[in-house]
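Throughout, a chain's letter reflects where its sequence line sits, starting with A, and its residues are numbered from 1. Only heavy atoms go into these numbers, but all of them, side chains included; no hydrogens, no water, no symmetry mates. Keep in mind that this is a model prediction, so the values were computed, not measured.
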Amino acid sequence: MRRTAYFLPTLKETPAEAQIASHRLMLRAGLVRQASAGIYSWLPLGNRVLKRIEAIVRAEQDKSGAQEILMPTIQSAELWRRSGRYDDYGQEMLRITDRHEREMLYGPTNEELITDIVAAEIHSYKDLPKNLYHIQWKFRDEVRPRFGVMRGREFLMKDAYSFDLDFRAARHAYNKMFVAYLRTFARLGLKAIPMQAATGPIGGDLSHEFIILADTGESHVHLERELLDLDALALEVDYAQDLGPVVERWTRYYAATDEKHAPAKSPVPADKLIETRGIEVGHIFYFGTKYSAKMGAAVTGPGGERITLEMGSYGIGVSRLVGAIIEASHDDAGIIWPESVAPFQIGLVNVKSGDAVCDALAEQLYGGLRRMGVEVLYDDRDERAGGKFADMDLIGLPWVLTIGPRGAKTGTIERKYRRSGERTELGLDAVLAWAQGLNGACA
RNA sequence: CGGGGCGUAGCUCAGCCCGGUAGAGCAUCAGCUUUGGGAGCUGAGGGUCGUUGGUUCGAAUCCAGCCGCCCCGACCA
C-alpha cells in the first residue's frame, strides 16, 4: 500500500480527551475516531488490526470445536422478558421502539437469543455437545465510557455458548475454552493470566477472568511468578482428551485481582507473590441451567427423560484487545505491534522521494515485496525524513526498511526492528530473501 | 447516578475576569529554498466563538436553559 493513496490521518499533537496511552496512540496513529461518547469509527489501519485479532480468535475457537454463527445486534424485548432480565438489566441496556411500537433492544449479550435458537432446534441428547459462538458488536450504555475502546459503549465481542447434557460434559466444554483462551492470547503476543472470578449464586469454581499483563493496566493483580513462565503455545493440545491436567497447570498457582486479594487470607506467602497491573480481556463462565430452564432448552435423554441443558458462556473483548495490546506494547514514540496483529508487517521509508536513485530502489523493493505477498506500507510521500520516521514509529509496524541517498548509491537498504531499535544494512536481494522467510513465518 | 471541569480554525490553545465585531503555533493549499529523526521564508484559504433565549446602542466575553465532551467516584468485556 502506498502511503500517498492510503487513508491514514496521523496526529502530531495529542487530542485533549485522551488520557491513557492506548487511547492517545489509537487517535494519533489514525486507528479510530470517536463518533460519540464510547462509540468509535475504525479507520483503515485500526480496522486491519481488528480483523487480524478477530482472525486469531476465530481460528482458535474453530480449533477447539466451536462453530461460528452470527446473531443480530437488535433483539426483541419479549425474549428478555422470558429470562427475567429485561427488567433486571437496568439502564445499561439500550432500549429501542420500532415503528409498530414493539419494544426492541440493542443486545448487550446473547444468552437469551442463543438459548432460544438451541431450544427450538436441538431435541436429542445425540445432538450434544454443542458450542456456538459469534463475533458481533454489542452495546452497553455505560454511565461513563472512558479509555477509548477499552471501555466503550459499543464494542466488538466474541461470545461462545456451550450446551451439554450434564455437569461433567459442561466442565469439559469449559476446559476447552480455557485452553483455547490461553492459546488465543499467547498468539496475540500477550501474557494472559487466568484468575478465579466470582461465580455469583451458582457457586463452584468454574469462572475465570483472563487478565493480560500491562504496566498501565487498570487493575492491580497479585500472582505467583511461576505463572509467567508457562507457555501456552508449547502445549500439544488434543481437545478430545481430558484437559483437566492442562487447566490444573495454570490454576494451581495463586493469582487474584486487587478486589479479591486479601493478604491476610492468601494461601501463598506475600514474598512469593508479585504485584503487577493488568487488563481483563476475557471471561469464561459456567452457569448451569440458569437460562436453559427459563427458555425451555432441553433434550430427550437415552431413557426418554427430559434433560435441561447445562450451559456456559465465554467472552473475549475483541475491540478492547486493540487497546489492551497497545497498553502492553508501546513506548514513548508510539505503538509496537506484535507481528501477529500488525496491520502491515513492513514499513518502507523512502527518505528522499523525488530522487531518481532512491525512487528506483524503493519501487524495486516495494514491487518485490508485493509480489511475494508481504504486507508493506510504502511511505512515498514527499515529506521530510523526520516526519516519515516519526510516523513509522507511531504506527508501530514491526519492521521498517529505509532507503536514502546515502545507501541507495550502493543499493544498501537499512532494516530496523521496531521493538528493539536494532538496525542492519542489507542489499536488495538479502532483504527480499529475508522477507520471504518473514512471510512464511506469519502465514 | 453523585462531584468537578471544558466547548473559540482540522489539532493544541490564547482572548472571557474588565463587553466595542476573533488570534497564535501546528496542519492544509501555492511558490521558493531544503532533505537520514516531525525544517525555513513568502503568500493564501479556513471560524454563524456548541446551541437557544435574555441583558445591552453593541455579546466569544455578562445571565439562564438546553446539548455535547472530559475528569474523580460508584458501575463494568
The side chain of [X] lies closest to which of these nucleotides: [options]?
{"X": "E414(A)", "options": "C70(B), G38(B), G36(B)", "value": "G36(B)"}
{"X": "E92(A)", "options": "G37(B), C1(B), C76(B)", "value": "C76(B)"}
{"X": "A16(A)", "options": "C75(B), A27(B), C13(B)", "value": "C13(B)"}
{"X": "E383(A)", "options": "C69(B), A77(B), U28(B)", "value": "U28(B)"}
{"X": "R406(A)", "options": "G36(B), A74(B), A77(B)", "value": "G36(B)"}
{"X": "R151(A)", "options": "C76(B), U28(B), G37(B)", "value": "C76(B)"}
{"X": "P15(A)", "options": "A74(B), C11(B), U28(B)", "value": "C11(B)"}
{"X": "R146(A)", "options": "G73(B), C69(B), G38(B)", "value": "G73(B)"}
{"X": "L394(A)", "options": "G36(B), A77(B), G38(B)", "value": "G38(B)"}
{"X": "E13(A)", "options": "G36(B), C11(B), C75(B)", "value": "C11(B)"}

For U42(B) and A59(B), measure between their P atoms and round to the nearest Å.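 Pairwise P distance, U42(B) against A59(B), rounds to 37 Å.
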Applying side chain to side chain contact (heavy atoms under 4.5 Å, CB included) to M1(A) and V376(A), what does each step give before you reach the verdict? CA-CA 6 Å; M1(A) 181 60 67; V376(A) 53; over 6 Å; no
Using only side-chain N and O atoms of Q34(A), determine if any of them is under 4.0 Å from OP1 or OP2 of C70(B). yes
Side-chain N or O of R144(A) less than 4.0 angstrom from OP1 or OP2 on C71(B)?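 For C71(B), OP1 or OP2 has a side-chain N or O of R144(A) closer than 4.0 Å.
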What verdict does the side chain to side chain contact (heavy atoms under 4.5 Å, CB included) test give for L156(A) and K138(A), after you've listed the backbone C-alpha separation in whole Å, the side-chain angles of each residue and the deciding distance to 0.1 Å? CA-CA 6 Å; L156(A) 186 61; K138(A) 310 267 188 291; over 6 Å; no
Touch check for [X], heavy atoms < 4.0 angstrom, all strands: base, sugar-phosphate only, or nothing?
{"X": "G386(A)", "answer": "sugar-phosphate"}
{"X": "S36(A)", "answer": "sugar-phosphate"}
{"X": "G407(A)", "answer": "base"}
{"X": "G404(A)", "answer": "base"}
{"X": "K416(A)", "answer": "base"}
{"X": "R33(A)", "answer": "nothing"}
{"X": "T14(A)", "answer": "sugar-phosphate"}
{"X": "A385(A)", "answer": "sugar-phosphate"}
{"X": "G38(A)", "answer": "nothing"}
{"X": "P9(A)", "answer": "nothing"}

Which is it for K388(A) and E383(A) under the salt bridge (Lys or Arg N to Asp or Glu O under 4.0 Å) test, yes or no, and what are the steps along the way? CA-CA 7 Å; K388(A) 294 187 183 186; E383(A) 289 283 324; over 6 Å; no
Tell me whether the ring of F389(A) lies stacked over the G38(B) base, given a 5.5 Å limit on centroids and a 30° limit on the plane angle.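 Aromatic stack with G38(B) absent for F389(A).
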Between the side chains of Q345(A) and W399(A), does any donor sit under 3.5 Å from an acceptor?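 Side-chain D/A pair, Q345(A) to W399(A): absent.
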Any luck finding a side-chain donor-acceptor pair between H261(A) and S266(A) under 3.5 Å? no
Across all strands shown, which nucleotide pairs with A44(B) by Watson-Crick or G-U wobble geometry, both distances under 3.5 Å? U28(B)
Restricting to non-hydrogen atoms, name the atom on R153(A) and the atom on A37(A) that form the minimum distance, rounded to 0.1 Å. NE-O, 2.8 Å
